[in-house]
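Data block below; observations after.
Sequence lines set the chain letters: A, B, ... in the order given, protein chains first and strands last, and positions in each chain run from 1. These numbers were taken from a predicted model, which means no experiment stands behind them.
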Amino acid sequence: MGKISKPLLFWYYNSARDLPWRVVKDLHPNPYFVWVSEVMLQQTGVKTVIPYFQRFIQAFPTVDVLAKANQDQVLSLWQGLGYYSRARNLHAGAKQIVAMGEFPQTAIELLKIKGIGPYTSAAIGSISFGETIPVVDGNVKRVFSRLFCLEEKGQALHDRAFELSLAEIESSPGDYNSALMDLGATVCSPRNPQCEICPLKLNCCAFKAGCVLDYPKKIEKKPMPTKYGIVAWVEKDGELLIRKREQGILKGLYELPWDEVEKTDYDKIDSDFVKHTFTHFHLYLKIVRTKKIQEGQFILFESLKDYPFSTLMKKILKKFRL
DNA sequence: GACTCGTGGGC
DNA sequence: TGCCCAAGAGT
């Protein structure tokens, strides 16, 4: 026990200083910024997050400003980032914190905030408040899985990584946790790990056994279904018909009206279609220009930028707008 | 515990 | 190209 903390922190302080994300975090050490960044980083790459993070904190520099914003503003700054419940929950969480009077300063207290779970509470607690608590994400699980040749996967691996990481914390828990994640993201990566330059290679079970790519053990996943739908492109007096999604996937975002149909309603997939892949299904949408008025609101084309749209809808707007 | 919830990078 | 996957949380 306690064998990886020192070489890990040494690597972090000497080799990871110029990582793009490290620079951003050092510039914005307060808990609100850490919170925003950690939520954006959930299931999302650093490279993708950075520009969104910069725009977001510029528009909403404090919790109070975010709490007072309206949902369309918040979602507009989240357009294209995906997992929009993160934005809705972040917004709700800001209102919660303002109502509480002060920013929660322990992982236990942070867990009460909407959208803050085990990962985010531990990240904010350790990075912003120096709390001794391990952060467990996909990177940490992969690093420990390889370090100790762990056979567990899923939740069992999560629990093992938590215990093992906790036992390794010696000092600077925030830096330690950040170092572990940065190591996993850059050196101990899923596909092409750079074991030669890894500060932990002499401690690594999988490296010494020559089976790094065998860990972590994979979880078998189900095949994704394919769905189909018809989009109504309705124009009237230079305006376009849109509506707001009130539930389910992409909730809170706007869209051109569309309904799901059976595949047998189509003869062939041609240029009238747009394909988009979500987390757990593929979607083919056929765009049909029509005059038939549906439920929704007409807005000027110039006003489209004022409404949050998903990447799917942006794809359709770009392709079919004359 | 299983399912829902997006998107773009990288190979 | 198509597939894997990425700093999770809510239900």
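- For the P atoms, the distance linking dG6(B) with dT11(C) amounts to 14 Å, nearest Å.
- For Phe281(A) and Asn192(A), each mapped to the nucleotide of DNA chain B holding its nearest heavy atom, the one lying further toward the 5' end belongs to Phe281(A).
- Rounded to an integer number of Å, the gap from CG of Leu253(A) to C1' of dG6(B) is 10 Å.
- Between His280(A) atom NE2 and dC5(C) atom P there is a gap of 18 Å when expressed in whole angstrom units.
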Residue pair Glu38(A), Trp35(A): steps toward the side-chain hydrogen bond (donor to acceptor under 3.5 Å, both in side chains) verdict: CA-CA 5 Å; Glu38(A) 297 300 346; Trp35(A) 177 32; over 6 Å; no

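- Under 4.0 angstrom from either OP1 or OP2 of dG6(B) there lies no side-chain N or O belonging to His276(A).
- Only Lys222(A), listed by number, bring a heavy atom of residues 212-233 of chain A to less than 4.0 angstrom from any atom of DNA chain B.
- Both Ile197(A) and Leu200(A) belong to a common hydrophobic cluster when Ile, Leu, Val, Met, Phe, Trp and Tyr are linked at side-chain heavy-atom distances under 4.5 angstrom.
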Stepwise side-chain contact (heavy atoms from CB on, under 4.5 Å) check, Val234(A) with Leu240(A): CA-CA 6 Å; Val234(A) 188; Leu240(A) 183 66; 5.8 Å; no

side-chain hydrogen bond (donor to acceptor under 3.5 Å, both in side chains) evaluation trace for Arg86(A) with Thr44(A): CA-CA 12 Å; Arg86(A) 294 181 297 171; Thr44(A) 311; 3.1 Å; yes

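- The main-chain N or O of Trp258(A) is found under 3.5 Å from a side-chain atom of Arg243(A) such that the two form a donor-acceptor pair.
- Criterion: ILVMFWY side-chain heavy atoms under 4.5 Å apart, direct or through other members. Under it, Phe301(A) and Ile287(A) are part of a common hydrophobic cluster.
- Atom CH2 in Trp78(A) sits roughly 12 Å away from atom P in dA9(C) (whole-Å rounding).
- Put simply, the side chain of Thr44(A) and the base of dG8(B) share no donor and acceptor less than 3.5 Å apart.
- Here dG6(B) is the nucleotide among dG8(B), dG6(B), dT4(B) with the atom lying nearest to any side-chain atom of Phe278(A).
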Verdict with reasoning, His276(A) to Phe278(A), per ring-ring contact (aromatic ring centres under 6.0 Å, His included): CA-CA 7 Å; His276(A) 193 74; Phe278(A) 292 100; 4.8 Å; yes

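- Within 3.5 Å, no donor on the side chain of Tyr119(A) pairs with an acceptor on the base of dG8(C), nor the reverse.
- Nucleic acid contact class of Gly115(A) (heavy atoms, under 4.0 Å, all strands): sugar-phosphate only.
- Remark on DNA chain C: of its neighbouring residues Ile116(A) and Asp137(A), the 5'-side contact belongs to Asp137(A), judged by nearest-heavy-atom nucleotide.
- Note on Lys251(A): nothing from the nucleic acid sits closer than 4.0 angstrom, heavy atoms only.
- What separates CD1 of Ile316(A) from P of dG6(B) is a distance of 15 Å, to the nearest Å.
- Paired with Tyr176(A) under the rule side chain to side chain donor-acceptor pair (under 3.5 Å), one option of Ser5(A), Ser165(A), Ser171(A), Ser126(A) passes, and it is Ser165(A).
- Under 4.0 angstrom from either OP1 or OP2 of dT7(B) there lies at least one side-chain N or O belonging to Tyr84(A).
- Here the P atom of nucleotide dG6(B) and the OH atom of Tyr83(A) are 8 Å apart, to the nearest Å.
- Contact annotation: Ser85(A) does not reach the phosphate of dA9(C) (side-chain N/O to OP1 or OP2, under 4.0 Å).
- The residue among Gln155(A) and Thr277(A) whose nearest nucleotide of DNA chain B lies closer to the 5′ end is Gln155(A).
- A distance-only check finds a donor-acceptor pair linking the side chain of Glu168(A) to the backbone of Lys3(A) [under 3.5 Å].
- Between the CG atom of Asn89(A) and the P atom of dC5(B) there is a distance of 14 Å, given to the nearest Å.
- Residue-level contact check: Asp182(A) touches the bases, meaning some heavy atom is under 4.0 Å from a base atom.
- Within 4.0 Å of Val49(A), counting heavy atoms only, lies no atom of the nucleic acid at all.
- In this structure, the nucleotide among dA9(C), dG8(B), dG6(B) sitting nearest to the side chain of Gln43(A) is dG6(B).
- As judged by a 4.0 angstrom heavy-atom cut-off over every strand, Gly154(A) is placed among residues making no nucleic acid contact.
- Nearest to the side-chain atoms of Arg191(A) among the listed nucleotides dC5(C), dA9(C), dG6(B) stands dC5(C).
- Straight-line distance from the CZ atom of Arg86(A) to the P atom of dT7(B): 10 Å, rounded to whole Å.
- Residue-level contact check: Ala185(A) touches the bases, meaning some heavy atom is under 4.0 Å from a base atom.
- Place Ser189(A) and Thr120(A) on DNA chain C by their nearest nucleotides, and Ser189(A) ends up nearer the 5' end.
- Val34(A) and Val63(A) fall within the same hydrophobic cluster, where Ile, Leu, Val, Met, Phe, Trp and Tyr residues are linked whenever their side-chain heavy atoms come under 4.5 Å apart, directly or through other members.
- Interface residues of residues 305-313 of chain A facing DNA chain B, ordered by number: Ser310(A), Thr311(A); criterion, heavy-atom separation under 4.0 Å.
- Nucleotide dG8(C) holds its C1' atom 13 Å from the CD1 atom of Ile124(A), rounded to whole Å.
- Formation of a donor-acceptor pair under 3.5 Å by the Lys208(A) side chain with backbone atoms of Leu202(A) is found in this model.
- As judged by a 4.0 angstrom heavy-atom cut-off over every strand, Ser178(A) is placed among residues making no nucleic acid contact.
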Trace of the side-chain contact (heavy atoms from CB on, under 4.5 Å) decision for Tyr215(A) with Cys149(A): CA-CA 7 Å; Tyr215(A) 295 91; Cys149(A) 294; 3.7 Å; yes

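- Counting any heavy atom pair closer than 4.0 Å across all strands shown, Arg88(A) reaches no nucleic acid atom.
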